[in-house]
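Input: a single structure, listed below in structure tokens.
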Protein chains: 2
Amino acid sequence: MSLDHALLVSLLEKPSSGYELARRFDKSIGHFWHATHQQIYKVLARMEEAGWIESEVHRGETAPDRKVFAVTPAGRSALAEWITEPSPIDRARSELMIKFRAAAFDDPRKLLPALAEHRAEHGTLLAAYRANEAKEFSGHDRPLSPQQELQYQVMKLGIAFEETWIAWCDETQALIHRIAPTPSATATKETS
Amino acid sequence: MSLDHALLVSLLEKPSSGYELARRFDKSIGHFWHATHQQIYKVLARMEEAGWIESEVHRGETAPDRKVFAVTPAGRSALAEWITEPSPIDRARSELMIKFRAAAFDDPRKLLPALAEHRAEHGTLLAAYRANEAKEFSGHDRPLSPQQELQYQVMKLGIAFEETWIAWCDETQALIHRIAPTPSATATKETS
DNA sequence: AGAAACATGTAAAGGGTTACATGATTGG
DNA sequence: CCAATCATGTAACCCTTTACATGTTTCT
């Protein structure tokens with residue numbers, strides 16, 4: 001399982017509370033591994049018991065208390081061991097693609113709203129990545145550090161996927177209009 | 001949940017036994033929704049009880065008996081209803097990307113073997129898709145039917161993703177060689 | 001005879017999602 | 001004062017994965 005390791009990486013990058021991790025998982029790292037706060041708290045507890053991380057309570061004079069976790073040497077070496085293990089390729093999962101195959105037996109135009117929504121969401125994501133890219137990896141005088149190069153490379157895959165999605169959505173919208181142009185005929189064999 | 005609906009689509013395309021479905025889920029439709037035979041048998045049982053599918057046992061004179069399932073009108077309308085429901089975008093999940101962020105704290109060269117494996121597997125997948133593409137969607141005299149166009153469009157997304165992966169793998173391999181060229185220095189701070 | 005593929009399942013364990021629960025602080 | 005955000009969890013349910021189980025047919 002990888003949520004453990006994803007959290008270790010996030011904590012190496014910056015010691016944080018569960019709440020902060022949950023928010024970060026909606027952003028950069030979250031593009032390749034999503035997690036809710038409920039899951040995160042459970043895994044943090046497990047890893048603390050295993051000695052991979054340590055917590056320190058930061059009393060908030062004015063704000064709520066925060067339990068800030070940091071990676072221990074044991075956690076660090078567990079991570080180092082993990083990266084050498086072979087990892088299987090991750091299978092994509094798309095409900096929308098199943099719906100497209102289903103639509104072959106129904107009216108493809110029914111998918112146009114869903115398609116437009118996907119197109120919009122992927123567009124929003126891409127814009128967010130592009131903004132982050134400009135802020136963190138471009139416009140600097142000095143060349144990027146090896147660390148930054150690697151992080152940027154991961155981000156580039158995210159960007160490439162979003163671009164792939166967007167191009168596909170546009171192409172598909174055109175296709176549907178081409179193969180099912182008439183805005184009548186509610187289909188599914190009323191002829192029987 | 002979508003495995004139910006993915007199976008319905010598969011059964012609409014061709015009535016099949018659980019075993020056949022399991023094999024098909026390692027191929028075309030499986031690229032966007034994976035499932036093992038154990039899962040499939042359970043879902044088939046559930047859907048039969050719900051009246052979405054019906055089974056007929058084909059006694060094999062020589063081969064083992066096969067329980068062949070077909071979609072009922074109830075199942076068909078359940079599917080028609082489902083495609084109009086909104087579907088959230090599916091989050092990608094990649095262990096390898098987590099490892100890349102982890103490698104920023106270790107030696108990136110450790111990822112070269114995993115990278116090569118991924119590159120090879122995505123290459124194999126792409127070749128399989130290309131072969132299928134040529135067989136089913138190209139080289140025909142008549143233009144494709146709307147059904148085929150939709151199936152082809154789904155496949156095109158799969159192909160695009162594989163190409164994205166492959167390009168990224170190649171680029172990344174070059175990057176690692178550039179930022180960590182020396183085949184010594186086992187890293188992780190032996191200086192303390 | 002033995003291995004591989006065909007064919008259909010059950011069971012246990014673990015991961016993930018959704019709902020529930022609590023309490024403090026900040027901003028309108 | 002009420003809503004939103006910060007902050008940390010528990011519990012139930014469902015899905016997924018892995019292991020186990022059984023029996024047949026085909027090919028070598």
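Note: hydrogens, waters and symmetry copies are ignored here, and every other heavy atom, side chains too, is used. So you know, we letter chains A, B, ... as the sequences are listed, proteins then strands, and number each from 1. All of these numbers come straight from a predicted model, not from anything done at the bench.
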Look at the side-chain N and O atoms of A:R46 and state whether any lies under 4.0 Å from the OP1 or OP2 oxygen of C:dG15.
yes
Note: A:K99-B:E85 ion pair, threshold 4.0 Å (strictly below):
no
To the nearest Å, how far apart are A:E95 CD and C:dT17 P?
13 Å
Qualifying ring-ring contact (aromatic ring centres under 6.0 Å, His included) pairs with a residue from residues 69-93 of chain B, counting only residues at least two apart or across chains
B:H5-B:W82
Whole-Å distance between C:dG16 C1' and A:D4 CG?
13 Å
Honestly curious: do A:V9 and A:Y41 fall in one hydrophobic cluster under the side-chain, below-4.5 Å linking rule?
no
Measure from the ring center of A:F161 to the ring center of A:H122 and say whether it is less than 6.0 Å.
no
Taking the inter-plane angle between the rings of A:H31 and A:Y129 on a 0 to 90° scale, is it parallel (under 30°), tilted (30 to 60°) or perpendicular (over 60°)?
perpendicular
What is the separation between atom CD1 on B:I40 and atom P on C:dA7, rounded to the nearest whole Å?
14 Å
Which nucleotide, C:dT17, C:dG16, C:dG15, lies nearest any side-chain atom of A:T36?
C:dT17
Nearest whole Å is fine: how far is C:dA7 C1' from B:E56 CD?
17 Å
Please encode protein proximity along nucleotides 3-13 of chain D as a string of B, S and -, counting only heavy-atom distances under 4.0 Å.
---BBBBB---
Expressed in angstrom and rounded to an integer, what is the separation of A:W33 atom CH2 from C:dG15 atom P?
11 Å
Specify the separation, in whole Å, of atom CD of B:Q39 and atom P of C:dT10.
15 Å
For the pair made of CZ in B:F25 and C1' in D:dT17, what is the distance, rounded to whole Å?
16 Å
Going by atom types alone, do B:E54 and B:T72 pair a side-chain donor with an acceptor below 3.5 Å?
no
Spacing between B:H34 atom NE2 and D:dC15 atom P, to the nearest angstrom:
17 Å
